[in-house]
Every structure is written in C-alpha cells, then in structure tokens.
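Heads up: the structure comes next, in structure tokens.
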Amino acid sequence: MEFTLDATSNKARACTIKTAHSTIQTPVFMPVGTLGTIKALDMQDVIDTLGAEIILANTYHTYLRPGDKTIAKMGKLHGFSTYPKSFLTDSGGFQAFSLSDISKPKEDGIEFRSHIDGSKHFFTPKKVIDIQHNLGSDIMMILDDLVALPATKERIKLSIERTTEWAKDSIEYFRTKQKEGIGVDQNIFAIIQGGIDKEMRTKSATELCALDYDGFAIGGLSVGELNNEMYDTVEHTTQYMPEDKPRYLMGVGTPEDLIENIERGVDMFDCVMPTRNARNGTLFTSFGKLNIKGAKFKEDPSPIDAECECPTCKRYSRAYINHLFRSREITYFRLATLHNLYYYLNLMKQAREAILQDRYTEFKKEFYAKRSK
Ligand code: PRF
Ligand code: ZN
C-alpha cells in the first residue's frame, strides 16, 4: 500500500492511500457491508452514485455464512460481490464480543458461539489471518481483545497485554505468508486498545506502533463511554501513532464524531449508523437529523435536504419518502440508504477540501452553525 500525507490543517490530515484495487482519499468514511453487500444497495449504487473507494466487510459473518472457503472459490470478496475497489475486513473479535451469546476471550484466542446456529468456534490470531487471506481484503485487521466499558484497570491491562501478544504473532505470521506468496497485495492493521485510561492507551499505542504494520486503528471506543471521553482518548492516542501511516477509528460514529476526530488526527472511519439509521427512518442532513416518519412531512414537497445532490433528494419529496416509509415499501430502504451514505461521503469530501485549504477550524464552525439554526 502506498501512503502520502497530502496536507494538514492543525492536526487534521488529508492523505492518499493506494491499494491494489483503488486510490482512497482521506478523511474517508467506509460504508459497512458486513456480508459483502451494503444493505439495500446494489454495487452499481455504491460505485457510480456514491463513488465509494473502500467498503468494509466482516470476517465473523462471512466465515459463518457463506464461509470464507466458498468466497475464496468464487473469486474472493472482489469477484464474489463484483465490487472492484478496496475492501477492509474486521477481524471478528469485536463481532464475537458483541453478537455471540457466549464469547470467551482466552490466552490464545476467542471462543464463541455462532449467533446463527449456536455452533462453537475458536478464533486465533493466525486463524483470522487465514480467513482474511481467503476473503482477499485489501486491508485486514488483527484479532484484538476488547472490553466493555466501564472495566477495571486489571481487565484493561489484560486486554492490552493480550492484544500486543496477539499483534506480535499476527505480524510475524502475516509477513511470513507474504514471503511464501500469500497475501502479497494485502495489508494489515493493528488495533490499539486501553479503554479510556491514558496510561493504558500510551502503552498499547507505543507497543503496537513499534511493529511492522501497514496502519493502525484505535479500537475499544464508542462502547459506552461519554463523547468527551472518546475525543480525549483519541487526541491522546494519535500523538503516539506514526505520521506516515493511516489511522483508523473503528466503529465511529455520528457526523459530529467524525468532525471531532478528524480534528484530532484520524483518517478513516466506519459505522453502521448511516445505513442502519436510514432503515429506521433517521436521515442525516446538513441541518441535523430528521425523522422521516413524522406526520409533519405527510404533505411536505421539499427534498430531505435542499443542499444534498443525491438521487433521492434530486428526485423525491419528503412527502413521498414519508409515504414509502410508513407503507414499509422496499424502495424506501434503498432511497434512504443512498441519501445517508451520500451525506456521510460528501461530508468527508468537504472536510478534505477544508484541510487542503488549511481551513479546517472554520469548516468545523460552519458545520455546527448550520445545525443550530
Ligand atoms: N475492535 C475490532 N473491531 C471493532 C472495534 C474494536 O475495538 C470497535 C470499537 N468501536 C468497532 N469495531 N476488531
Ligand atoms: Zn440526499
């Protein structure tokens, strides 16, 4: 992977990341395509309308169904899904932790039961790399041990010690496989843990950033802590991360979270929020959130967001979208998902423009000013 830091505006960064499948300009929001599809969309929407250069898929889900070996046979994620650009795959640790009925972190891996059929599985650092080799993702994530917050200092300490041990095994295995010709075009990121404890974050970041990874993620946030605790932890952690590699904040967040964390030096984000909220009737706009199910939209001829250039806003009224939502029409899901993702991706484009012009602080002020009107 090729990385260039194009510009900075205080701590905010505009970078370019070149993988074997696409050129990604940051800050970037990666739409979540857990099962190798962005729910409600066709890949044509994702490529042509959204122009997404990278999307996310999940090891946990695709391993359980249809199985990573099946995906490998069908041309890996790119061939199977027909999405020709970059895939990032999460390692499964977080999904085992959040979705499985039983998930037991152990010394050498994570034991969990499938949320589909209750079958027992064991993920180790090597196993999730093998699976991600089969998936063929451009960026794979290591197995990490994360803890729900609040947690005791002891549990957080154990989590970062395990994560570092696993990270050492992971990078050695990954680079050895590359020498054997496996995963040559793939990249691997480590995941910094440590809760909201600054001392733990420093330790985790320092230990992991000394290893030969292609990029680094900040994990273990947006799991129950306050917004300001997240922002402070990110601000603290980014100072220990290399300037010449991508920085990815996992599973975050709201538009405000993105704006705040870009300011603190984060390059990459993913979250189910725009896609999941679309399906629940919550739409993101330049003036804040809007719940399209409201009776007040029943005869509203205006678009969801007059400033939005997405196909939904260019063509349809709030009245029509409100009607589709209330009638549970399938088309609603596509139109709402398109709008929300378009909003997120466009926000990242604007943030990048502002960084390139070294006016990120002003951009952030304008972003908030519009929402308070
Ligand atoms: N680890 C992994 N995936 C994740 C997280 C993490 O800490 C988070 C935390 N917000 C989201 N997805 N592997
Ligand atoms: Zn729109």
Side-chain angles (χ1 to χ4, degrees), residues 30 32 34 45 49-50 56-61 88-99 103 105 110 112 123 125 128-129 131-132 137 139-149 151 156 159-160 162-163 166-167 170 188-196 201 204 208 216-225 229-230 233-234 237 248-254 257 261 266 268-274 278 283-287 290 292 302-318 320-321 334-347:
M30 303 179 283
V32 175
T34 293
D45 295 329
T49 307
L50 296 176
L56 190 133
N58 274 310
T59 296
Y60 170 90
H61 296 82
L88 180 146
T89 46
D90 198 358
S91 59
F94 180 74
Q95 286 71 33
F97 156 92
S98 62
L99 287 174
S103 141
I110 302 173
F112 63 95
F123 274 171
V128 301
I129 291 174
I131 299 172
Q132 292 175 96
S137 46
I139 300 173
M140 63 169 82
M141 304 302 300
I142 61 159
L143 191 68
D144 55 337
D145 178 30
L146 71 154
V147 288
L149 297 180
I156 296 176
S159 142
I160 64 167
R162 252 189 206 142
T163 300
W166 293 354
S170 300
I188 189 165
F189 284 17
I191 307 172
I192 300 164
Q193 292 291 342
I196 52 167
R201 284 282 167 184
S204 182
L208 296 177
F216 297 93
I218 304 176
L221 291 176
S222 201
V223 291
E225 76 286 4
E229 292 174 326
M230 184 217 296
T233 306
V234 169
T237 308
Y248 164 31
L249 179 57
M250 305 189 79
V252 174
T254 63
D257 290 338
N261 288 303
V266 173
M268 304 166 69
F269 302 88
D270 80 282
C271 191
V272 294
M273 191 162 283
L283 305 178
F284 293 97
T285 74
S286 50
F287 47 85
L290 177 153
I292 198 62
S302 51
I304 297 165
D305 184 348
E307 283 184 25
C308 181
E309 304 265 324
C310 89
T312 305
C313 289
K314 278 198 174 159
R315 185 158 189 149
Y316 303 104
S317 63
R318 291 173 177 176
Y320 186 67
I321 304 292
R334 176 167 174 271
L335 297 180
T337 302
L338 268 180
H339 166 79
N340 271 1
L341 282 178
Y342 194 96
Y343 173 80
Y344 264 67
L345 268 61
N346 189 49
L347 185 65

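Ligands are counted one by one from 1 in listed order, and the atoms in each one are counted from 1 as well. Hydrogens, waters and symmetry mates are skipped; everything else that's a heavy atom, side chains included, is used. Counting from 1, the numbers follow the sequence of the chain as shown.
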Take the Zn ion (ligand 2) as the vertex and measure to SG of C313 and ND1 of H339; round to 10°.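 Rounded to 10°, it measures 100°.
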Among D144, V147, V32, closest by any non-hydrogen atom to atom 6 (C) of ligand 1: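 It is D144 whose heavy atom sits nearest to atom 6 (C) of ligand 1.
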Using distance alone, determine whether [X] and ligand 1 share an N or O pair under 3.5 Å.
{"X": "Q95", "value": "no"}
{"X": "I142", "value": "no"}
{"X": "D90", "value": "yes"}
{"X": "G219", "value": "no"}

With a 4.0 Å heavy-atom cut-off (strictly under), which part of L221 contacts ligand 1: side chain, backbone, both or neither?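 Contact part for L221 vs ligand 1: backbone (N, CA, C, O).
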Under 4.0 Å, heavy atoms only, figure out whether ligand 1 is touched by the backbone of M141, its side chain, both or neither.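 Neither part.
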Is W166 close to I142 at the side-chain level, that is, under 4.5 Å between some pair of heavy atoms?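 Contact flag for I142/W166 side chains = no.
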Enumerate the atoms of ligand 1 whose separation from the nearest heavy atom of [X] is less than 4.0 angstrom.
{"X": "G220", "result": "6 (C), 7 (O), 9 (C)"}
{"X": "S91", "result": "13 (N)"}
{"X": "L146", "result": "6 (C), 7 (O)"}

Tell me whether T34 contacts the main-chain N or O of N58 through its side chain, where contact means a donor paired with an acceptor under 3.5 Å.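 Not at all, since once roles are kept as given, no pair shorter than 3.5 Å links the two residues.
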CG of L208 to CD1 of I218: how many Å apart, nearest 0.5 Å?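 One finds 11.5 Å between CG of L208 and CD1 of I218.
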Separation of M250 CE from M30 CE (nearest 0.5 Å):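 It is 7.5 Å, given to the nearest 0.5 Å.
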Checking side-chain polar atoms at under 3.5 Å, does Q132 have a donor or acceptor matched by the opposite partner on T89?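 T89 and Q132 do have a side-chain donor-acceptor pair below 3.5 Å.
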Heavy-atom closest contact (I304 atom, F287 atom, distance):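 Heavy-atom minimum between the residues: O-CZ, 3.6 Å.
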Give the intermediate values and the outcome of ring-ring contact (aromatic ring centres under 6.0 Å, His included) for residues Y60 and F112. CA-CA 10 Å; Y60 170 90; F112 63 95; 5.3 Å; yes
